[in-house]
Amino acid sequence: MEIRDLHFAHGARNIFNGLSLDVPRGRITAFMGPSGTGKTTLLKLIGGQLRPRKGTIHVDGQNVHRLRRRDLYELRKRMGMLFQNGALLTDLNVFENVAYPLREHTRLPEELIRDLVLIKLEAVGLRGARRLMPSELSGGMARRVALARAIALDPMMIMYDEPFTGLDPITKGTIVTLIKQLNQTLGLTSLVVSHDVEETMSIADCVYVIAEGRVIESGAPAAMRDSSSAWVQQFMKGEPDGPVPFHYAAPDYRDDLLAGGLV
Amino acid sequence: MIEAIRSLGRWGLGIFERLGRGNLFLLRVLFSLGSLLVRPRLVVRELYSVGVLTFLIVFVSGLFVGMVLGLQGYVTLSKFGAEDSLGVVVALSLVRELGPVVTALLFAGRAGSALAAEIGLMKTTEQLSGMEMMAVDPVRRVVAPRFLAGVISMPLLAAIFSAVGVYGGMFVGVGLLGVDPGAYWSQMQAAVDLQADIYNGVIKSVVFGFVAVWIAVFEGYDATPTSEGVSRATTRTVVHTALAVLGLDFILTALMFGSPQ
Amino acid sequence: MTTRAIEILVGLFVAAGFVALFTLAMQVSNLSRLDTSDGYQVTAYFQNIGGLKVRAPVTVSGVTVGRVSRIRYDPKRYMAEVTMDIAPQHDYFSTDTSASIYTAGLLGEQYLALEPGAMPEVLQNGDIIEFTQSALVLEEIIGDLLVRMTTE
């Protein structure tokens with residue numbers, strides 16, 4: 001997959017200014033960056049849900065935004081996506097959620113669907129939870145079910161949107177292991193979008209740090225740690241102040257206090 | 001001054017933009033209706049939540065509205081010694097106006113708001129986005145069946161409302177106030193015309209159903225994906241449906257009953 | 001809720017809706033009334049039709065046998081031309097049948113009453129009723145009455 005000179009704006013706010021990057025097949029690639037840099041937007045652009053203002057995205061040699069609707073849908077069948085909160089269909093139970101893409105896109109007999117769903121659920125360790133409704137699941141379980149659903153159609157590529165956010169350490173560990181396992185056993189191309197430095201570094205083959213609409217730094221995780229960029233250092237170590245200021249842009253503190261009056 | 005005119009212009013443009021998006025969305029929904037032929041089950045599910053769950057409120061409201069009409073009509077008509085025409089008053093009010101209009105308002109409150117909230121919440125929780133990424137068109141799978149179910153349910157609900165109301169009016173007029181049952185029915189049958197009254201009433205309810213469910217699914221689908229956005233979409237659904245139904249009712253009535261023969 | 005229960009309830013709902021529509025059509029309106037669609041048409045000319053309207057009933061001895069289908073002014077005869085549809089089973093009106101416009105009750109709707117004559121031939125499609133009596137116009141009667149009272 002390759003992205004060239006991508007420009008995208010949300011209303012008046014520019015999100016990407018000439019973003020270019022490559023995602024190698026069969027590897028885990030991570031996009032990192034502070035909140036609000038448009039990492040989720042990037043995934044939506046790759047999935048063809050949003051259109052860029054300028055620039056191209058090629059997935060498996062096809063230009064996503066030049067495809068006709070039918071071809072785009074064909075391509076999406078080969079992409080899995082794990083949403084931040086799982087995005088499970090709330091009126092279906094776990095089993096039916098995982099079975100959903102199979103039922104929609106295949107004409108498989110019921111027994112085969114059952115077997116496939118159980119295989120996928122076993123892979124994420126939730127075969128026993130198949131009768132639960134999404135509202136009965138914890139955040140981590142919901143994300144695992146969503147993962148099982150994302151791999152139901154055996155995609156070539158899977159995109160993870162903030163897979164580690166808001167999880168306890170044990171669940172986080174589980175998800176880390178799952179992503180790694182799936183990547184190795186199924187040979188999936190994996191795209192991880194996250195701002196959790198430790199977890200992402202531990203599984204990624206290649207890391208892109210994105211800020212202000214461009215790639216600031218890229219390379220293997222080890223190389224990133226030794227990056228000379230002050231910006232990357234601040235992000236990696238989580239220091240409150242640095243190139244990214246602690247304070248939101250504001251007039252002089254003293255003047256502001258003395259000015260009096262209302263906000 | 002210029003600023004005031006400018007904000008007025010911006011407001012107008014905003015309305016037209018929404019109208020345009022609403023129409024495009026309607027076209028998308030109408031084009032996806034065909035795919036439902038393959039999966040009628042989806043529609044049956046939605047008929048349950050849109051139709052069956054609205055049945056009770058429509059039934060009870062119809063009964064009471066009919067009873068009130070019976071009582072009020074009797075009081076007025078008896079001044080002219082025309083109690084025998086009670087059936088006519090009750091039936092014509094119900095079939096021509098109250099049946100379609102009140103049912104549409106109840107429908108907006110019960111089913112429309114639920115539809116808007118449901119679709120809005122599915123958008124907020126990224127379920128619609130998730131479907132798209134699974135290469136499933138949410139307009140086909142989520143919106144179209146709900147739309148069709150609404151359009152099917154409304155005329156049925158309005159007919160139930162009117163029929164129940166006629167019996168409610170009879171219960172009060174004949175049962176409690178002593179109007180002759182033969183006169184109640186025969187005068188009604190002589191005055192209510194199948195073509196002019198009942199067909200037109202059904203046409204009204206179909207139009208109202210179409211508009212009500214269109215507004216509901218559009219507001220839900222177009223909602224800002226936050227809890228505030230969903231609550232606003234729900235409110236707007238009810239308000240806009242009520243206004244649209246009452247306005248359209250005037251136009252339809254003028255077209256159907258306005259011209260002298 | 002199981003799919004089965006949902007389907008049953010939806011079935012009941014749709015059935016209830018159709019029963020209601022059927023009730024409205026059969027009980028509330030006059031669907032069970034005369035079908036004049038394949039009957040025959042006759043025409044009558046009146047000096048004054050009063051408030052007669054299209055779709056007003058055509059009766060014989062108070063029994064409805066048809067409907068007024070068209071009303072227009074005939075500029076050649078200087079009279080109102082009333083065309084009526086009569087149901088096919090009522091094919092026994094003699095050619096000297098007379099037609100009158102009456103009012104149901106004091107303030108009711110106006111209707112057309114036929115009175116069969118004695119001729120052996122019967123009215124056919126497109127025939128004209130020769131003997132007619134115009135509607136009574138209240139103002140004319142009152143005016144008449146006043147004139148008579150003053151002249152006496």
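Note on naming: letters A, B, ... go to the chains in the order of the sequence lines (proteins, then strands), and numbering restarts at 1 for each one. Everything numeric in this text was worked out from a predicted model, so none of it was measured.
Minimum interatomic distance between B:Tyr48 and C:Ile6 (heavy atoms only, all atoms of both residues): CB-CG2, 3.6 Å. In terms of heavy-atom proximity, C:Gly17 sits nearest to B:Ala159 at O-CB, 4.1 Å.
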*Could you give me the CA-CA distance, side-chain angles and deciding distance for B:Arg45 and C:Glu7, then say whether salt bridge (Lys or Arg N to Asp or Glu O under 4.0 Å) is met?*
CA-CA 8 Å; B:Arg45 270 197 92 83; C:Glu7 283 171 356; over 6 Å; no

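If you measure heavy-atom distances from B:Tyr184 to chain C, you find no contacts under 4.5 Å at all. In this structure, the portion of B:Val202 lying under 4.5 Å from any heavy atom of chain C is its side chain and not its backbone. For B:Ile198, the part lying near chain C is the side chain, with the backbone staying farther off; criterion is any non-hydrogen pair under 4.5 Å. Contacts of B:Val95 with chain C are made by side-chain atoms alone, with heavy-atom separations under 4.5 Å and no backbone atom involved. For B:Val44, the parts sitting under 4.5 Å from any heavy atom of chain C are the backbone and the side chain alike.
Annotation: the span from B:Leu53 atom CG to C:Leu9 atom CG amounts to 8.5 Å, rounded to 0.5 Å. Distance check: B:Leu56 CG to C:Phe13 CZ gives 12.0 Å after rounding to the nearest 0.5 Å.
Around the CD atom of B:Gln72, the shell of radius 6.0 Å holds no more than 12 heavy atoms that belong to other residues, nucleotides or ligands. Residue B:Arg39 qualifies as enclosed at atom CZ: its count of foreign heavy atoms under 6.0 Å is above 12. By the neighbour-count criterion of 12 heavy atoms within 6.0 Å, atom CZ of C:Arg4 is sparsely surrounded, having that number or fewer from other residues, nucleotides or ligands. For C:Tyr78, the OH atom sits in a loose shell: 12 or fewer heavy atoms of surrounding residues, nucleotides or ligands are nearer than 6.0 Å. Atom OH of C:Tyr73 sits in a crowded spot, with more than 12 heavy atoms from other residues, nucleotides or ligands closer than 6.0 Å.
Put simply, of B:Gly201, B:Ser153, B:Gly99, the one with the most heavy-atom pairs under 4.5 Å next to chain C is B:Ser153. Between chain C and the options B:Ser49, B:Ala91, B:Gly51, B:Ser162, the largest number of non-hydrogen pairs under 4.5 Å is found for B:Gly51.
Annotation: ring-ring contact (aromatic ring centres under 6.0 Å, His included) contacts involving residues 56-79 of chain B, sequence neighbours excluded, comprise B:Phe55-B:Phe59. For the salt bridge (Lys or Arg N to Asp or Glu O under 4.0 Å) condition, the pairs that include at least one residue of residues 200-213 of chain B, sequence neighbours left out, are B:Glu97-B:Lys204, B:Lys204-B:Asp249.
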